[in-house]
Protein chains: 4
Amino acid sequence: MPTSTTKREDIIQSALTLFAERGFDATTIPMIATDAKVGAGTIYRYFSNKEVLVNTMFQHYVSLFKETLEKDYPAESDIREQFHHLFQGMIRFTNEHDHALYFIKTHTSAYFLDANSRDQFSHLLMILENFFDEGKKEKQIRELPSKALIAIIFGGFLQLYQLIRAGELEASEELLAGVENSCWDAVRHP
Amino acid sequence: MPTSTTKREDIIQSALTLFAERGFDATTIPMIATDAKVGAGTIYRYFSNKEVLVNTMFQHYVSLFKETLEKDYPAESDIREQFHHLFQGMIRFTNEHDHALYFIKTHTSAYFLDANSRDQFSHLLMILENFFDEGKKEKQIRELPSKALIAIIFGGFLQLYQLIRAGELEASEELLAGVENSCWDAVRHP
Amino acid sequence: MPTSTTKREDIIQSALTLFAERGFDATTIPMIATDAKVGAGTIYRYFSNKEVLVNTMFQHYVSLFKETLEKDYPAESDIREQFHHLFQGMIRFTNEHDHALYFIKTHTSAYFLDANSRDQFSHLLMILENFFDEGKKEKQIRELPSKALIAIIFGGFLQLYQLIRAGELEASEELLAGVENSCWDAVRHP
Amino acid sequence: MPTSTTKREDIIQSALTLFAERGFDATTIPMIATDAKVGAGTIYRYFSNKEVLVNTMFQHYVSLFKETLEKDYPAESDIREQFHHLFQGMIRFTNEHDHALYFIKTHTSAYFLDANSRDQFSHLLMILENFFDEGKKEKQIRELPSKALIAIIFGGFLQLYQLIRAGELEASEELLAGVENSCWDAVRHP
DNA sequence: TATGAATGAGGGTTCATTCAT
DNA sequence: GATGAATGAACCCTCATTCAT
């Protein structure tokens with residue numbers, strides 16, 4: 001494995017943590033360089049500028065998240081099972097990529113995201129939209145625009161995740177199961 | 001009506017929009033000045049620096065929001081009615097102060113908030129927490145940490161409102177009523 | 001006596017103190033206005049800008065100092081007596097116009113002095129130069145360029161005066177008499 | 001010879017000249033940068049801010065001056081010889097570091113000097129004070145406060161040097177010897 | 001005449017980006 | 001390829017100056 005790949009990944013790792021903790025604007029290139037143990041100039045070998053770096057990262061993690069949701073999707077199971085799969089996907093992704101979901105959430109509507117990043121993100125939403133559209137057809141899901149339902153679930157979950165990261169809530173099995181039920185009741189046909 | 005009051009309000013208006021859209025760090029004083037149609041120096045007649053500006057605004061809007069929630073609170077009605085009051089409060093406040101709730105949410109855990117701002121905000125949370133705590137005692141509300149319930153409602157609602165502002169959803173009576181029901185089902189005792 | 005004259009003098013008084021204490025560059029127009037109890041704009045009724053203000057003041061006090069030295073000059077007495085008169089003049093001026101001599105000293109070679117101010121100051125030096133030139137003719141004064149002798153006396157006295165203002169030395173009769181003797185020995189023919 | 005050392009020295013050189021000619025407050029960082037032919041930001045690689053820059057310089061030159069005075073000090077010779085050494089030290093230091101002594105004098109009681117700078121400066125004064133104190137004990141030096149004697153010598157010498165730099169006087173051996181005698185007569189026991 | 005709110009040029013400082021090594 | 005010294009544009013903020021009242 002060539003060194004360069006490692007450096008590139010070190011940079012992304014450091015940038016992810018810092019962007020999540022401090023935000024894009026409050027994170028400087030020298031900070032990332034120091035944290036990643038590379039020279040500041042080195043970052044520009046891999047990313048032509050700071051915006052390209054965030055966008056690349058954003059797309060990377062959105063794409064990973066999408067994969068996590070799609071992997072082993074129980075297309076044949078009932079809708080509650082599918083919902084469970086999606087919800088567990090959020091949790092699994094969060095556990096595997098510590099700051100990634102928080103980074104995605106806090107940068108989703110940032111001014112510096114390019115068309116590509118926005119596209120990727122709407123692809124992600126589409127997975128969820130398809131799920132809800134299908135569910136409404138089967139009268140299993142509440143009669144609200146799918147976008148609204150996603151907003152409720154996604155917005156709620158990510159807000160909750162912030163509390164967990166801030167240490168105000170502990171991510172116990174019990175809590176997560178309870179939240180899943182709550183979210184399910186929010187979207188399922190009454 | 002003295003000019004100064006108008007200028008101060010113009011500055012706050014512009015700052016609110018820009019802070020909500022781009023965040024504190026990405027919003028420059030010249031941006032605010034241009035948007036408010038005042039000289040950059042004028043901002044410093046009203047706020048001794050940028051941090052005082054955000055904190056003043058934060059406290060102002062949190063306070064206004066608290067008032068909106070508390071005004072005419074139906075203490076004697078049943079819990080569903082009270083939930084309705086709170087939910088309508090969010091909607092009313094958002095309609096009256098376009099970016100304010102989003103500004104509050106995205107800056108809630110910012111590094112530049114002073115003790116006063118954090119205090120004000122925890123008072124606000126307490127109102128909501130009390131509501132949920134009371135409801136749980138009466139077995140009307142789901143057995144989840146109140147903070148988690150608040151996160152779900154707020155996160156969902158604000159995510160939804162972004163869609164509305166982006167023009168992807170229309171804020172019809174029907175939609176809002178549907179969302180309120182969805183949120184209620186998310187928090188009410190199953 | 002019209003009000004305006006009083007205001008003008010208040011401004012000069014305040015400016016003198018502040019310029020002496022903090023220097024020209026560290027003194028702001030609002031500071032002077034506050035100290036003089038006038039509006040900032042009022043200063044511009046009397047002095048078209050900050051540089052005109054210092055230059056006017058500089059010329060004013062240099063001129064006053066010149067008058068003090070020339071008043072009752074004992075043209076007929078012997079040279080030691082004349083030296084005494086000049087030296088006492090410095091002391092008297094310092095007592096009558098508290099910060100004036102310090103202001104003159106610290107601003108003598110300032111970048112913002114105009115030709116007029118420099119002229120006035122060299123007129124002042126000329127009085128002293130004449131004294132030394134005359135003394136050298138009479139073999140009463142050391143054979144050094146008069147400018148050098150002035151530098152020694154003036155430089156020395158003003159440096160001393162700084163110590164007095166800083167509170168490091170007390171301006172007793174005895175000290176002043178001793179310094180006068182020291183200065184006289186520095187310039188008199190050996 | 002590494003470039004960085006040169007840049008640092010260029011910055012100090014330019015700052016020294018400008019601080020001496022215009023004073024700290026009237027000297028801007030861009031002025032120094034332009035004069036030193038470096039970018040404005042470069043100054044901050046070497047000095048964390050403008051105040052650190054003056055203080056560093058102040059301490060540097062005070063220290064150098066002290067060394068000049070102490071180097072080869074004729075502790076065993078008579079007091080006139082020692083005075084000669086000190087006086088020649090002033091001349092030598094001034095010739096080697098053009099604006100340094102004037103910079104020291106005009107910034108001695110500035111508001112931005114830190115404890116370290118003040119310390120260094122009082123060490124310098126102590127050397128001179130010791131000389132005068134010793135001389136007074138031996139009845140070789142006039143009975144005046146040592147601080148006053150220092151003020152007279154320094155004030156006079158620097159005022160003179162300004163004339164020399166302004167081209168109004170030529171620094172001939174003869175003149176300097178004459179001035180040394182004049183200063184000696186100012187301080188020696190009558 | 002007197003005021004002080006308003007302005008914007010310019011100050012100190014930071015940091016994304018470049019480039020010689 | 002990797003570095004970090006160097007740069008200068010752009011930030012936050014101050015203050016001399018103007019001008020409506």
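What you see is a predicted model; the values in this text were computed from it and never measured. Each chain gets a letter, A, B and so on, in the order its sequence line appears, and its residues count up from 1. For the numbers below, each heavy atom of this structure counts, side chains included, while hydrogens, waters and symmetry mates do not.
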Practice item. Evaluate the side-chain proximity of A:Asp114 to A:Gln59: yes if any heavy-atom separation is below 4.5 Å, no if none is. Key: yes

Review point. Does some side-chain heavy atom of B:Leu18 sit less than 4.5 Å from a side-chain heavy atom of B:Phe103?
Key: no

Closer than 4.0 Å, any side-chain N/O of [X] to the OP1 or OP2 of [N]?
| X | N | result |
| --- | --- | --- |
| A:Tyr44 | F:dA2 | no |
| D:Lys7 | F:dT7 | yes |
| D:Tyr46 | F:dA5 | no |

Review point. In terms of the nearest nucleotide of DNA chain F, which residue is placed more toward the 5' end: C:Arg45 or D:Gly39?
Key: D:Gly39

Study note, to complete from the structure: 5'-most contact on DNA chain F (nearest-nucleotide basis), C:Met31 vs B:Met31, goes to B:Met31

Classify the nucleic acid contact of [X] as base, sugar-phosphate or nothing, counting any heavy atom under 4.0 Å across all strands shown.
| X | value |
| --- | --- |
| A:Thr28 | sugar-phosphate |
| A:Thr27 | sugar-phosphate |
| D:Ile29 | base |

Review point. According to the Watson-Crick and G-U wobble definitions, with both distances under 3.5 Å, which nucleotide is paired to E:dA20?
Key: F:dT3

Check your understanding: So which one's nearest nucleotide on DNA chain E is more toward 5', A:Glu51 or C:Thr42?
Key -> C:Thr42

Practice item. Go through the steps to decide whether C:Tyr44 and C:Leu53 satisfy the test side-chain contact (heavy atoms from CB on, under 4.5 Å), and finish with yes or no. Key: CA-CA 9 Å; C:Tyr44 287 84; C:Leu53 171 59; over 6 Å; no

Practice item. Would you mind checking if C:Arg22 and D:Asp25 are paired as a salt bridge, meaning a charged N to carboxylate O distance below 4.0 Å? Key: no

